[in-house]
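See below for the structure under consideration.
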Amino acid sequence: MSHNGALLPDAPLDDRDGLIWFDGELVPWREARLHVLSHGLHYASSVFEGERAYAGRVFRLHDHSERLIASARELGFELPYSAADLDAATREVVRRSGITDGYVRPVAWRGSHNLRLASGDIPVHVAIAAWPWPDVFAPGARLHGIRLGTSRWRRPSPHTAPVRAKAASLYAVSTLAAHEAEAAGFDDALLLDHRGLLAEATGANLFLVLGRELHTPVPDCFLDGITRRTVIESARDLGITVVERHIEPGELAGATEVFLTGTAYEVQPVASVDGLEFTVGEVTTALVKAFGQAVARDAEIHDAAAAGTAG
Ligand code: PMP
């Protein structure tokens, strides 16, 4: 299965039963529509999140809600909801959808009031949908790793795009790179940045094991993933030295292990980049396990907070 497989549920996404949270209320799934003259559609004035529910609880939900708000601010618009409002809405969608293990997709966009580039104070919409979701890659991918091909597309400079935001506009490059990688028979693309340094995959951050150390590119022109930060913390807890620095593509040749991190990918071993092979080694295996523990710890915090609120 390709990496896009995960975003292809059984039925088309606009023709499913269920409820979607849309501007403050739950609406029937098929009625969660927007107008063709939406600013967000024409000019990519749209930001989103990708979240994952484990056993009915969304991992690091509040961080995701805050990032959605921060992404919108990077694009110059304010969401009409607080992070706490978004947390509550997300919990409600997940609960009402009966989701145990699933994916959550919040999205916010400028509406259809006008199509001026300087759109002024036009209404901003927010929707949150959730659906059950198995693993992103085929069974066995976690064990054996996935194959990456370096893309001709690059992550833009911070002078060219709102690189700190999880902005729809940036995913134009990810979709180009993903199509290219699949056409060439790879599972996913590895993207360099505007300087030609290692950046990330289409939807996940990159780590290399060099000697006994873990090295990862500085997120100065791509998303500093929530999973990335979780894994860095776990690695340091395990006594592994983590180095964030600018990394040349040629340094892959010296890496023994390579893996990706992301909400969808979790900790995903990489078997090869352009045919250069890596093992699914000790460090990757330890961090796959540590990530599972981080999810369990987050669930405990979530439950304690919920109990506190109820009490
Ligand atoms: N980079 C890109 C381009 C992404 O789309 C994602 C997924 N949100 C990530 C990195 C990883 O971020 P996170 O760990 O917060 O999911």
Side-chain angles (χ1 to χ4, degrees), residues 3-4 6-7 44 46-54 58-72 74 83 86 90 102-108 128 130 133 135-137 146 148 150-151 153-158 160-181 187-194 197-207 216-235 242 244 247 258-268 270 287-288 290-292 294-295 298:
H3 73 293
N4 281 334
L7 291 171
S46 163
V47 294
F48 68 98
E49 270 306 313
E51 304 168 359
R52 195 154 170 157
Y54 295 90
V58 176
F59 180 61
R60 294 187 65 169
L61 171 58
H62 195 65
D63 293 327
H64 282 284
S65 297
E66 284 186 333
R67 188 168 72 184
L68 186 72
I69 291 169
S71 293
E74 289 277 331
L86 297 172
T90 305
Y103 185 72
V104 184
R105 171 56 65 93
V107 59
I128 306 172
W133 200 23
D135 274 347
V136 185
F137 295 104
I146 56 167
L148 304 184
T150 305
S151 176
W153 297 99
R154 292 184 171 193
R155 288 293 179 220
S157 124
T160 310
V163 295
R164 251 169 267 287
K166 194 165 166 65
S169 60
L170 296 169
Y171 288 82
V173 170
S174 282
T175 56
L176 288 165
H179 280 125
E180 183 193 59
D187 297 307
D188 197 4
L190 173 65
L191 284 88
L192 306 182
D193 72 13
H194 58 104
L197 300 169
L198 291 178
E200 56 168 359
T202 55
N205 293 117
L206 176 73
F207 286 83
T216 190
V218 183
D220 57 5
C221 60
F222 54 85
L223 205 65
D224 178 8
I226 290 169
T227 321
R228 177 187 183 276
R229 283 184 255 140
T230 305
V231 166
I232 289 175
E233 240 171 69
S234 300
V242 182
E244 294 183 70
I247 308 176
V258 174
F259 62 84
L260 302 174
T261 63
T263 294
Y265 297 57
E266 300 173 310
V267 178
Q268 173 58 58
V270 171
L287 290 169
V288 168
F291 184 70
V295 168
D298 188 71

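Indexing begins at 1, ligand by ligand and atom by atom, following the structure's order. FYI, side chains are in, hydrogens and waters are out, and symmetry mates aren't considered; it's all heavy atoms of this structure. What you see is a predicted model; the values in this text were computed from it and never measured. Counting begins at 1 with the first residue of the sequence.
Side-chain contact, Asp188 with Tyr265: a donor N or O sits under 3.5 Å from an acceptor N or O.
A salt bridge does not link Arg67 with Glu51: none of the charged nitrogens is closer than 4.0 Å to a carboxylate oxygen. A salt bridge between Glu266 and Arg52 is present, with a side-chain N of the basic residue lying under 4.0 Å from a carboxylate O of the acidic one.
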Counting only pairs under 3.5 Å, give me each side-chain donor-acceptor contact of residues 164-171, with atom names and distances, residues two or more places apart or in other chains.
residue, atom, partner, partner atom, Å
Lys166, NZ, Tyr171, OH, 2.7

Ligand 1: protein N/O within less than 3.5 Å of ligand N/O:
residue, atom, partner, partner atom, Å
ligand 1, 1 (N), Glu200, OE1, 2.5
ligand 1, 5 (O), Lys166, NZ, 3.2
ligand 1, 5 (O), Tyr171, OH, 2.4
ligand 1, 8 (N), Lys166, NZ, 2.8
ligand 1, 14 (O), Ile226, N, 3.3
ligand 1, 14 (O), Thr227, N, 2.9
ligand 1, 14 (O), Thr227, OG1, 2.6
ligand 1, 15 (O), Arg67, NH1, 2.8
ligand 1, 15 (O), Arg67, NH2, 3.0
ligand 1, 15 (O), Ile226, N, 2.8
ligand 1, 16 (O), Thr263, N, 2.9
ligand 1, 16 (O), Thr263, OG1, 2.6

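By the 4.5 Å heavy-atom criterion applied to side chains, Pro158 and His194 are counted as neighbours.
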Begin from the C-alpha positions of Thr227 and Asn205 and carry the test side-chain contact (heavy atoms from CB on, under 4.5 Å) through to its verdict.
CA-CA 8 Å; Thr227 321; Asn205 293 117; over 6 Å; no
